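Structure first, then comments.
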Amino acid sequence: MRKVEVLNYDRQWSTAFEVEAQKLKRVFKDNMIVIFHIGSTSVPGLKAKPIIDILPVVKDIAEVDDYLIEMNALGYEARGENGIRGRRYFQKGHDNRMHHLHFFAKDNKEIIRHLAFRDYLRTHPLEAERYGALKESLAIKHSTDIHAYIEGKNAYVKKVEQKALVWFERFGNLHQHRF
C-alpha cells in the first residue's frame with residue numbers, strides 16, 4: 001500500500017532530477033530535445049510528495065516504445081499513455097515511487113500546461129504556499145488513499161492551471177519553450 005506523504009521542500013530534489021536526466025539523455029540520444037523538471041518538487045519552497053516528475057520532450061513519441069528494455073534496466077515500469085493521449089508514462093519505485101516520467105512529442109500541448117503550472121507557482125509564492133498547505137492537509141486526511149488525495153486537490157489544481165495558462169501566455173517565456 002502506498003503511503004501519501006507530503007514533505008517540506010528539499011534542495012536535493014533538483015540534484016535527483018539532474019542525475020536522472022543524464023541517464024535519460026544517454027538512453028534517448030538523438031530523439032531527446034530537452035528535459036524539464038516539473039511538478040511540486042521543481043518549485044523551490046513548495047511542500048511535495050518526494051517524487052521527481054520529469055518531462056522529456058522528444059522528436060518522435062513512438063520511438064520511446066523502442067527503449068522499454070533500457071528503461072526497465074533503469075528501474076522504470078512503462079504505463080503507456082496512462083490517461084493522457086500522446087504521452088508515454090513511466091514510474092520508478094513501485095509503492096515507494098521515486099520518479100515519474102511524462103514523455104511528450106515536441107508539438108504536444110500538454111508540455112505548455114505543465115510548464116505554465118510550474119512557472120506560475122515559482123513566481124507566485126503565496127499560491128504555492130496555499131497549494132502546499134492543501135496537499136499537506138490532504139496527505140494527513142488521506143494518508144493511505146492516494147486516489148482520495150489526488151481527487152481532493154483536483155479542483156484546486158484545475159483552477160490554478162487555468163490562471164497559470166493565461167499568465168504564461170501573457171508573461172511566461174513562451175519563446176523559450178519552442179522546440
Side-chain angles (χ1 to χ4, degrees), residues 1-24 35-56 64 68 71-104 110-165 167-168:
M1 175 187 331
R2 285 176 58 195
K3 181 171 174 16
V4 180
E5 183 178 33
V6 171
L7 306 175
N8 288 327
Y9 179 78
D10 185 339
R11 288 189 183 116
Q12 292 301 312
W13 292 337
S14 287
T15 303
F17 160 73
E18 290 297 337
V19 167
E20 214 61 23
Q22 291 308 314
K23 293 176 188 176
L24 295 170
I35 303 176
F36 295 104
H37 186 186
I38 61 167
S40 296
T41 61
S42 71
V43 180
L46 180 58
K47 295 177 181 190
K49 292 191 324 287
I51 300 170
I52 310 303
D53 282 288
I54 300 173
L55 193 158
V64 173
L68 297 182
M71 293 301 287
N72 216 286
L74 291 176
Y76 285 98
E77 176 186 353
R79 307 289 288 182
E81 290 184 328
N82 202 42
I84 298 179
R85 186 181 168 119
R87 170 174 74 170
R88 294 299 184 275
Y89 177 75
F90 293 81
Q91 59 191 38
K92 184 178 192 176
H94 303 288
D95 283 347
N96 295 313
R97 302 256 172 86
M98 302 159 37
H99 299 85
H100 291 164
L101 304 180
H102 311 263
F103 282 86
F104 290 104
E110 291 291 324
I111 298 167
I112 295 301
R113 183 178 66 83
H114 284 287
L115 296 178
F117 189 75
R118 178 200 69 187
D119 291 355
Y120 185 80
L121 291 176
R122 283 179 173 176
T123 57
H124 293 83
L126 291 177
E127 193 74 72
E129 190 176 321
R130 282 192 288 271
Y131 184 41
L134 172 64
K135 292 189 320 168
E136 187 173 48
S137 69
L138 288 169
I140 291 167
K141 184 176 180 182
H142 303 292
S143 66
T144 60
D145 187 349
I146 188 67
H147 299 293
Y149 168 83
I150 291 168
E151 186 58 37
K153 65 182 189 141
N154 194 39
Y156 181 84
V157 167
K158 292 226 181 293
K159 182 179 92 175
V160 173
E161 219 171 60
Q162 289 308 307
K163 290 194 300 190
L165 286 167
W167 170 85
F168 196 77

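Keep in mind it's a predicted model, so treat the numbers as computed, not measured. What's counted below: heavy atoms across the whole structure, side chains too, no hydrogens, waters or symmetry copies.
- At least one donor-acceptor pair closer than 3.5 Å links the side chain of Lys135 to the backbone N or O of Lys47.
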Decide yes or no on side-chain contact (heavy atoms from CB on, under 4.5 Å) for Ile38 and Ile54, but give the supporting numbers first. CA-CA 6 Å; Ile38 61 167; Ile54 300 173; over 6 Å; no
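- Judged by distance alone, with hydrogens and angles left aside, the side-chain atoms of Arg87 form no donor-acceptor pair with the main-chain N or O of Glu110 at under 3.5 Å.
- Between Phe36 and His114, the ring centre distance reaches or exceeds 6.0 Å.
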Go through it in stages, so that I can follow the logic: the residues are His37 and Asp53, the test is side chain to side chain donor-acceptor pair (under 3.5 Å), and I'd like the CA-CA distance, side-chain angles, deciding distance and then a yes or no. CA-CA 6 Å; His37 186 186; Asp53 282 288; over 6 Å; no
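- In this structure, Lys92 pairs ionically with Glu20, as a charged nitrogen and a carboxylate oxygen lie closer than 4.0 Å.
- Applying the ring-ring contact (aromatic ring centres under 6.0 Å, His included) test to residues at least two apart or on different chains, the pairs with a partner in residues 127-165 are Phe117-Tyr131, Tyr131-Tyr156.
- Note: Leu121 CG to Arg130 CZ = 10.0 Å, rounded to the nearest 0.5 Å.
- Among residues two or more places apart in sequence or in another chain, the ring pair (Phe, Tyr, Trp, His ring centres under 6.0 Å) test is passed with Tyr76 by none.
- Checked by atom type and distance alone, the side chain of Thr123 pairs as donor or acceptor with a backbone atom of Asp119 at under 3.5 Å.
- No salt bridge links Glu161 with Lys163; every basic N to acidic carboxylate O contact stays at or beyond 4.0 Å.
- A centroid separation of 6.0 Å or more is found between the aromatic rings of Phe90 and His100.
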Scan the side chains in residues 7-15 for donor-acceptor partners under 3.5 Å anywhere in the protein, sequence neighbours excluded, and list what turns up.
unit_1	atom_1	unit_2	atom_2	d
Asp10	OD1	Gln12	N	2.8

Residues Ser40, Lys49; criterion side-chain contact (heavy atoms from CB on, under 4.5 Å); working and verdict: CA-CA 8 Å; Ser40 296; Lys49 292 191 324 287; over 6 Å; no
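- To the nearest 0.5 angstrom, Leu24 atom CG is 9.0 Å from Phe17 atom CZ.
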